[in-house]
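To start, the structure itself, in C-alpha cells.
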Amino acid sequence: MWSGILPAVTAKFTENDTLDIKEMERCFAWQIASGVDGLIVNGSLGEGPMLSHDERLDVLHVAKSVAGGRPVLMTIADAATRDCASLAERAAKAGASGLMIVPSLVYHTNAKETVATLSTIAAAADLPVMIYSNRIAYRVDVTLEIMDELAADKHFVAIKESSDDIRRTTEIINRFGDRFDVFTGVDNLAFEALAAGAVGWVAGLVVAFPEETVAIYRLMQAKRYDEALAIYRWFRPLLDLDVSSYLVQNLKLVEALVTGTTERVRAPRLPLEGARRAEVERLVAEALARRPMLAKAA
C-alpha cells in the first residue's frame, strides 16, 4: 500500500507557542515538491505527544492541503488506549490516509496488551495502519510473534521497524513475505534496511535534505547501489543525529540551518546550546561544504 520516502515532518511554533500554520505549509510543500512519497505527521519528531488532539488535527489538515493526493498518515501516541482510539476516530473523519500507531507511550505493555491496544485503536478508525515498533524509545517491542497475531487483521498493512537490529528486516520478510510493507525508521540504518528489502523509509533528516534522501531511495530501487552508498556515506554523520534523546532539537536545528525555518520546540524541551549545539552546527557546515551532486535515478 505504501512505499518510498515518508518524512516524519516537524511541527512549527510561533513565538507565542501556537502552531505556525503558514510555516508548516511552506515546509511540508517543499517536501512534496522534492519528490517524497507522502507525509507522516505528529510523530516523535513532530512532537505529537506535546500537542493537544485539536492541534494534531490542525497539523493533519495542513499536510493534507499540500500533499497533492499523496498519503498523509496520522501518528497515534497517547498514554491511554481510550484517548488513542478517540484521536484515531477523529483522524479518520478528518481524512487521514492511514495511521502510524505507537503501541503504548508510557506503560510497557506485555504481548497480550500490545495486541489489544493496537487492535482497539485500528478498529476505532477503520483505516490502514503502520505499526510503530521502537523498543529503544518506548520499551515495547512488536515481536514476530505479536505480528503473527496482527497479520489476521486487515487493518495492519505496514511496520516501521525501529528495533535498531538490522536483522529484524530480513526476519520479518522471511516470516511474512509481502504481508507487511516494511519501512526502516532509523535514519542511520536506512541503506542497510533498503538493501535487505525494506520498501520504504520513515525519514527524519529528510526535513533538511529531501533531495538527497529521495535520491538514495530511488538509486537503491534502480539497483545503483554504489551511487546510493556514496550519498549515504556523505549523509551518515547527520543521520546519526536521529539516534539520540535530543533528536527533536538536533533535527530542528539542522532544518533551521539549512532551510531558514524556526527551531522552536515545545517545553519541556529547549533548543540546543553550548557544546551540543556547536557540534550540530559543525556537522551541518561540513556537510554543506561537501554536498554531493545528485545523479538522476529512474
Side-chain angles (χ1 to χ4, degrees), residues 1-4 6-14 17-29 31-32 36-106 109 113-133 138 142 150 152-160 180-181 183 185 200 202 266:
M1 174 169 287
W2 300 312
S3 63
L6 298 183
V9 291
T10 58
K12 302 299 178 190
F13 302 109
T14 68
D17 196 35
T18 60
L19 289 177
D20 190 335
I21 300 297
K22 291 296 184 183
E23 186 61 3
M24 286 191 289
E25 287 176 349
R26 183 184 77 85
C27 293
F28 297 177
Q31 293 290 311
I32 295 295
V36 304
D37 299 286
L39 301 171
I40 298 180
V41 298
N42 304 318
S44 305
L45 182 57
E47 296 174 82
M50 306 300 173
L51 308 181
S52 71
H53 282 194
D54 286 346
E55 286 178 317
R56 288 183 239 187
L57 290 165
D58 287 342
V59 177
L60 172 66
H61 285 303
V62 173
K64 280 177 53 61
S65 74
V66 301
R70 292 177 180 141
V72 178
L73 278 63
M74 167 76 105
T75 305
I76 305 296
D78 272 312
T81 300
R82 177 184 66 176
D83 295 335
C84 289
S86 174
L87 179 59
E89 185 176 5
R90 292 182 68 186
K93 291 177 179 177
S97 307
L99 308 177
M100 183 172 75
I101 303 177
V102 179
S104 183
L105 191 62
V106 177
T109 51
E113 291 168 329
T114 300
V115 171
T117 296
L118 290 168
S119 300
T120 298
I121 299 166
D126 195 24
L127 287 175
V129 170
M130 177 184 292
I131 306 158
Y132 185 9
S133 179
Y138 301 117
V142 182
L150 297 175
D153 187 333
K154 65 179 178 59
H155 292 110
F156 298 103
V157 301
I159 183 163
K160 178 185 175 184
F180 296 99
D181 294 331
F183 282 72
V202 178
R266 179 161 281 180

Can you see whether [X] engages [Y] through a side-chain donor-acceptor pair at a distance of less than 3.5 angstrom?
X	Y	result
Tyr138	Ser133	no
Thr114	Thr109	yes
Asp83	His53	no

Could you please spell out the steps behind the side chain to side chain contact (heavy atoms under 4.5 Å, CB included) verdict for Leu51 and Phe13?
CA-CA 11 Å; Leu51 308 181; Phe13 302 109; 3.8 Å; yes

Ignoring hydrogens, what is the shortest heavy-atom contact between [X] and [Y]? Give both atom names and the distance.
X	Y	value
Cys84	Ala77	SG-C, 4.3 Å
Ala125	Ala92	O-CB, 3.5 Å
Lys64	Ala94	CE-O, 3.5 Å
Ala85	Ala124	O-CB, 3.6 Å
Phe28	Leu39	CB-CD1, 4.1 Å
Pro128	Ser97	CD-O, 3.6 Å

About how many Å separate CD of Glu23 and CD of Glu25, when rounded to the nearest 0.5 Å?
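Going from the CD atom of Glu25 to the CD atom of Glu23 covers 10.0 Å.
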
Could you give the distance from CD1 (Ile159) to CZ (Phe180), rounded to the nearest 0.5 Å?
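That separation rounds to 7.5 Å.
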
Please tell me if the side chains of [X] and [Y] come closer than 4.5 Å, counting only heavy atoms from C-beta onward.
X	Y	result
Val41	Arg56	no
Ile101	Ile131	no
Val36	Leu6	no
Asp181	Met1	yes
Thr10	Cys27	no
Val72	Leu60	yes

I'd like to know whether Ile76 forms a side chain to side chain contact (heavy atoms under 4.5 Å, CB included) with Val102, so could you lay out the CA-CA distance, the side-chain angles of the two residues, the decisive distance to 0.1 Å, and finally the verdict.
CA-CA 6 Å; Ile76 305 296; Val102 179; over 6 Å; no

Would you check if the side chain of [X] reaches a backbone N or O of [Y] as a donor-acceptor pair within less than 3.5 Å?
X	Y	value
Ser86	Arg82	no
Thr18	Thr14	no
Asp153	His155	yes
Asn42	Thr75	no

Walk me through whether Lys12 and Glu47 qualify under salt bridge (Lys or Arg N to Asp or Glu O under 4.0 Å).
CA-CA 10 Å; Lys12 302 299 178 190; Glu47 296 174 82; over 6 Å; no

Between Lys160 and Phe183, is NZ or CZ placed under 6.0 angstrom from the six-membered ring centre and within 45° of the ring axis?
no

For side chain to side chain contact (heavy atoms under 4.5 Å, CB included), just list the numbers for Val202 and Ile40, CA-CA rounded to whole Å, side-chain angles, deciding distance to a tenth of an Å, and then say yes or no.
CA-CA 8 Å; Val202 178; Ile40 298 180; 3.8 Å; yes

Test: Asp37 and Arg70 ion pair at under 4.0 Å:
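Salt bridge flag = no for Arg70 with Asp37.
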
Can you tell whether the side chains of Arg26 and Asp20 come within less than 4.0 Å, N to carboxylate O?
no

Taking Met74 as the fixed residue, which of Val59, Leu127, Leu57 is the one that meets the side-chain contact (heavy atoms from CB on, under 4.5 Å) rule?
Leu57

Between Arg266 and Glu55, is the side chain to side chain contact (heavy atoms under 4.5 Å, CB included) condition met? List the steps.
CA-CA 13 Å; Arg266 179 161 281 180; Glu55 286 178 317; 2.8 Å; yes

